[in-house]
Amino acid sequence: MSGLHFHVNEIPSPPSIMLFGLQQMMICLSSLLVIPYVVSDMLCAGDQAMEIRVQLISATFVTSGIATILQTTFGMRLSILHGPSFAFLPALHTFQATFPCDANTDTSNWQEKMQMISGSCLIAVLIMPILGFTGLVGKISKYIGPVTIVPIMSLLTIGTVPDIESKMALHWISIVEFLTLILFVVILERYEVPIPIFSLSEKKFKFTRQKIFSQFPYLLGISIVWFICFIMTITNAEPRGGEARTDQNASITVFDQTPWVQMPMPLFFGPPKFNLALVCGFTASCFAAMIESIGDYNLCAKISKQSRPPPSNTNRAFVVEGIGCILAALWGVGTGVTTYAENIAIMSVTKVTSRITMQMAGVFLILAGVISKFAAFLSMIPEPIIGGLLAMGVCLINGVSLSNLQTVDMKLSRNLTIIGVSIIMGLTVATHFEKTPLNTGNQIVDDVFGTLLTIRMLIGGVIAFVLDNITGGATRRQRGFVSEIDEDDDVEEQATVEMNGYALPSKLNQFFLRYSWLTYLPVIPSEREIREIEEKLCNFKFIKNSESIESVKKV
């Protein structure tokens, strides 16, 4: 396929699969660490915080790996990686305001908080597979365009500013981490580093040039700044008890006591409990995460040289994403899962969109979670470094969300007004109800609507969605409902069956044709679509066999 080294259905050599899979795992490593650090801090667990963090990191890795494998195999079937969603943080912040960490906090209540977070998340995320299996998400997605996506994602990133400030305020080393990432991601993105390699054929050392700063910015950034913290620790440049020290007694003790291999178990923190206000908040987060995923699915399709995702694939993708969220809730991750845009972006750099490489990344993530010593080692990263990672991650999410505006006609005052009103009013309404809590006299109403009215992305998203769909004065193209991929000539090549990344395996298609009533389900392609794919596959195999016979005759 033009422009790609490996398209979705191609299988590289085993060493290449391992390397590309490892790279995809390394790209998401830093983002996977943020949520365990944030959630473990919210629990106010005192001396047990480090031990809890290790468990959360292991659970995050395992559930992310399982969700990734399921999505690439049965869901959208493109190279998509799943990880914990930042969209759930606003609801967690509101929950934390109810149970703040202060000098009077009983640190023994952390388990009950974790049970409420897990149980509430478990109930809320059921909306994903329900909307996917009924086909509603495929229909709703037709009305969700960039004018709705951009305000939601912008307000999501604005809502994480308190987290960024609190973690970066811990120590100035967080600023060093952030500036290091700026250096790698922005300034040195295209710089090729000469790397010596030994050529077996020529029996001598040669130099190859690789853009390692753009391919492994987070891994390099963590390693370098962590090493700086280590130097500051052994030289006592950082005082005893300082946030940047690498010899924190609790972290070392937990690392020593953690077994090498330990499978994270569902309901590790006990049976789930429920908080109605948190359930409603998490439900709003689910819708935000789904809208984010819709944009990422289209972006991944464009990079993979595929057409827009078919409705059946979109519906199936959200069923699988919902299953991933359910697993994350059962394992106590604290949030649902969503697509990771940075892993999609790296495919545009490497030109490798092979499905099996992302499946291998999922396998690596599961192994990293099961080897609990690895999770314990990562939990030793000084918290200010996580602050720098969180800051850069949120900045990139905001940048990716704004890129959706490139398909919107920004000359229309109608579009500008809707985006502006939804962002400012989302901030204003939420700020008002934070300062003036709802007081209707009914505690349940106050808890539920008081929570919802303080979630910025929910308020702004509802305003943007309603105004964008009831206000005239713009065509769908002007509203941004046209992807650049529609104008990409390379997409014509995917019409051939061997390039179709969405098609299900032939044996599965034959099964659905045998039981044709299944094709009426929204998550399954129609009988006509399946027959067309199978006919194209038969013709393709016939042509290949004919070419092979002709080549043998010539020989």
Side-chain angles (χ1 to χ4, degrees), residues 25 28-29 31-36 38-40 52-77 80-89 91-92 114-133 137 262-274 278-279 282-283 285-286 288-290 292-293 296 315-340 343 358-372 375 523:
M25 179 223 178
C28 72
L29 196 61
S31 297
L32 295 180
L33 290 175
V34 171
I35 296 298
V38 171
V39 173
S40 60
I52 296 168
R53 188 173 296 166
V54 173
Q55 179 66 28
L56 289 176
I57 291 174
S58 292
T60 298
F61 278 48
V62 170
T63 54
S64 297
I66 294 173
T68 297
I69 293 173
L70 291 176
Q71 188 64 267
T72 53
T73 307
F74 304 107
M76 184 59 71
R77 287 184 55 77
I80 293 169
L81 188 137
H82 277 313
S85 172
F86 283 25
F88 289 73
L89 288 181
L92 285 173
M114 191 71 245
Q115 289 169 351
M116 281 195 284
I117 291 173
S118 298
S120 301
C121 186
L122 179 62
I123 295 297
V125 298
L126 292 176
I127 193 70
M128 282 193 185
I130 290 173
L131 289 178
F133 196 79
V137 69
Q262 178 178 293
M263 182 66 186
M265 300 300 294
L267 303 178
F268 175 82
F269 300 105
K273 296 182 179 180
F274 311 101
L278 189 56
V279 170
F282 275 154
T283 302
S285 299
C286 285
M290 291 171 74
E292 178 186 3
S293 293
D296 286 343
N315 294 329
R316 200 163 60 246
F318 280 107
V319 170
V320 172
E321 189 167 327
I323 292 172
C325 289
I326 292 171
L327 293 177
L330 290 174
W331 258 272
V333 172
T335 71
V337 300
T338 189
T339 53
Y340 270 24
N343 288 86
M358 198 64 78
Q359 292 169 334
M360 181 56 65
V363 172
F364 281 139
L365 285 172
I366 294 173
L367 291 175
V370 172
I371 302 173
S372 50
V523 294

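One-based numbering along the sequence shown. The analysis underlying the following values was restricted to heavy atoms, covering all of them including side chains, and did not include hydrogens, waters or symmetry mates. Owing to the predicted nature of the structure, the values given are computational and were not obtained by experimental measurement.
Applying side-chain contact (heavy atoms from CB on, under 4.5 Å) to V38 and the options L89, T335, L33 leaves one that passes, L89. The only option from L81, I69, L365 that meets the side-chain contact (heavy atoms from CB on, under 4.5 Å) definition with S64 turns out to be L365.
Atom CE of residue M290 and atom OG1 of residue T339 lie 11.5 Å apart, to the nearest 0.5 angstrom. Separating the OG1 atom in T68 from the CE atom in M25 is a distance of 11.0 Å, to the nearest 0.5 Å. To the nearest 0.5 Å, atom NE2 of residue H82 and atom CD of residue E321 are 4.5 Å apart. Note that OG of S285 and CD1 of I127 are 13.0 Å apart. Values are rounded to the nearest 0.5 Å. Note: M358 CE to I80 CD1 = 8.0 Å, rounded to the nearest 0.5 Å. In this structure, CZ on F268 lies 9.5 Å from CG on L56, to the nearest 0.5 angstrom.
Using a distance-only test at 3.5 Å, with no hydrogens or angles considered, a donor-acceptor pair links the side chain of Q115 to the main chain of F269. Using a distance-only test at 3.5 Å, with no hydrogens or angles considered, no donor-acceptor pair links the side chain of R53 to the main chain of P36.
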If you apply the rule side chain to side chain contact (heavy atoms under 4.5 Å, CB included), what do you find for L131 with F318, and how did you get there? CA-CA 8 Å; L131 289 178; F318 280 107; over 6 Å; no
Does the side chain to side chain contact (heavy atoms under 4.5 Å, CB included) test come out yes or no for L32 and Y340, once each step is laid out? CA-CA 10 Å; L32 295 180; Y340 270 24; 3.9 Å; yes
Please test F88 against V125 for side chain to side chain contact (heavy atoms under 4.5 Å, CB included), starting from the C-alpha separation and ending with a verdict. CA-CA 11 Å; F88 289 73; V125 298; 4.2 Å; yes
Using side chain to side chain contact (heavy atoms under 4.5 Å, CB included), reason through F282 and I117 one step at a time and then give a plain yes or no. CA-CA 9 Å; F282 275 154; I117 291 173; 4.2 Å; yes
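Between the side chains of S58 and Q262, not a single donor N or O lies within less than 3.5 Å of an accepting N or O.
I35 places a side-chain heavy atom less than 4.5 Å from the side chain of F86.
When all heavy atoms of L267 and P272 are compared, the pair lying nearest together is CD2-CD, 3.8 Å. Shown here for L122 and L126, the closest heavy-atom pair between the two residues is O-CG, 3.4 Å. Across T63 and T60, no two heavy atoms sit closer than the pair OG1-O, 3.2 Å. Taking all atoms of both residues into account, the shortest heavy-atom contact from A289 to M128 is CB-CE, 4.1 Å. Smallest separation of non-hydrogen atoms from T338 and S293: OG1-OG, 3.1 Å. Here the closest non-hydrogen pair linking A67 and V337 is CB-CG2, 4.4 Å.
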Sequence neighbours left out, cut at 3.5 Å: what donor-acceptor pairs do the side chains of residues 322-334 make with other protein atoms?
{"residue": "W331", "atom": "NE1", "partner": "P264", "partner atom": "O", "Å": "2.7"}

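Other residues, nucleotides and ligands contribute more than 12 heavy atoms inside 6.0 Å of the CZ atom of F274.
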